[in-house]
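Quick notes on the structure that follows.
Just so you know, residue 1 is the first one in the sequence shown, and it goes up from there.
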Amino acid sequence: MKVLFICKASTQVGLGHLIRSRSLAAWFYQKLQYQAEVKMIVIGPQKMMKRLIGQVNFPVQLYDTEEQLKLCTSHDIVFFDMLAIRDKTLQDIKAYGKLLVSISPIFDGMKEMDILFHRSKYLGLSENNAPKQTFAGLEYAIIQENCLRISTARYEENLEG
């Protein structure tokens with residue numbers, strides 16, 4: 001199985017796309033390293049991205065812009081985490097991806113996705129802009145590997161300030 005993660009990140013659009021994609025790709029790599037080939041493509045300022053993708057065990061390609069992106073091998077699953085993509089870029093990627101998955105609920109290419117995974121059940125997607133299938137709720141939240149679990153009491157204490 002070949003799994004590809006494509007995300008766009010910057011200080012303007014946020015770095016959560018990169019952190020979320022990196023965390024999920026690391027999980028796939030760790031759990032499926034003998035059954036799957038995991039790769040990641042990051043679109044954004046390379047200098048900043050290099051620091052944020054350090055110490056991953058799977059291949060990562062960096063591009064400043066999506067126009068530089070050229071896929072030449074097929075993938076069983078392609079995960080997208082970004083706000084926007086050009087139609088031509090999405091169609092080029094679609095030609096190489098069997099299953100297209102978004103982990104961003106406000107992705108402008110959503111109608112082309114087969115699946116959406118998201119942590120909130122309150123998406124508000126119109127019927128003609130929805131993916132074929134949606135899995136939503138807290139059980140689909142992607143938490144980076146170095147986050148520490150805290151008790152409910154501690155969480156509520158922090159909310160009160």
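- With sequence neighbours left out, Phe79 forms a ring pair (Phe, Tyr, Trp, His ring centres under 6.0 Å) with Phe5, Phe28.
- A side-chain hydrogen bond (donor to acceptor under 3.5 Å, both in side chains) with Thr89 is found for one member of Glu66, Lys94, Glu67 and no other, namely Glu66.
- Sorted pairs that involve residues 42-66 and meet ring pair (Phe, Tyr, Trp, His ring centres under 6.0 Å), not counting sequence neighbours, are lacking altogether.
- Between Lys2 and Asp76, none of the side-chain N atoms (NZ, or NE/NH1/NH2) sits under 4.0 Å from a carboxylate O, so this pair counts as no salt bridge.
- The only member of Phe117, Phe135, Phe80 that meets side-chain contact (heavy atoms from CB on, under 4.5 Å) when paired with Val101 is Phe117.
- Grouping the Ile, Leu, Val, Met, Phe, Trp and Tyr side chains by contacts below 4.5 angstrom, directly or via other members, places Val42 apart from Leu83.
- In the hydrophobic clustering of ILVMFWY residues, with side-chain heavy atoms under 4.5 Å counting as a link, Ile106 and Leu15 come out apart.
- Looking at Leu24 and Asp81, their side chains never come closer than 4.5 Å, going by heavy atoms from C-beta outward.
- With contacts defined as side-chain heavy-atom distances shorter than 4.5 Å, the pair Leu18/Met40 qualifies.
- Hydrophobic cluster membership is shared by Tyr29 and Val56, with clusters built from Ile, Leu, Val, Met, Phe, Trp and Tyr side chains linked at under 4.5 angstrom.
- Hydrophobic clustering (ILVMFWY, side-chain heavy atoms < 4.5 Å, transitive): Leu32 and Ile115 are in one cluster.
- Met82 is listed as a side-chain neighbour of Phe107, based on a closest heavy-atom distance under 4.5 Å.
- Legend: residues meeting salt bridge (Lys or Arg N to Asp or Glu O under 4.0 Å) with Arg22, ordered by chain and number and at least two apart, are absent.
- A heavy-atom distance below 4.5 Å is found between the side chains of Leu69 and Ile93.
- Applying the 6.0 Å contact sphere to NZ of Lys132 captures more than 12 heavy atoms from other residues, nucleotides or ligands.
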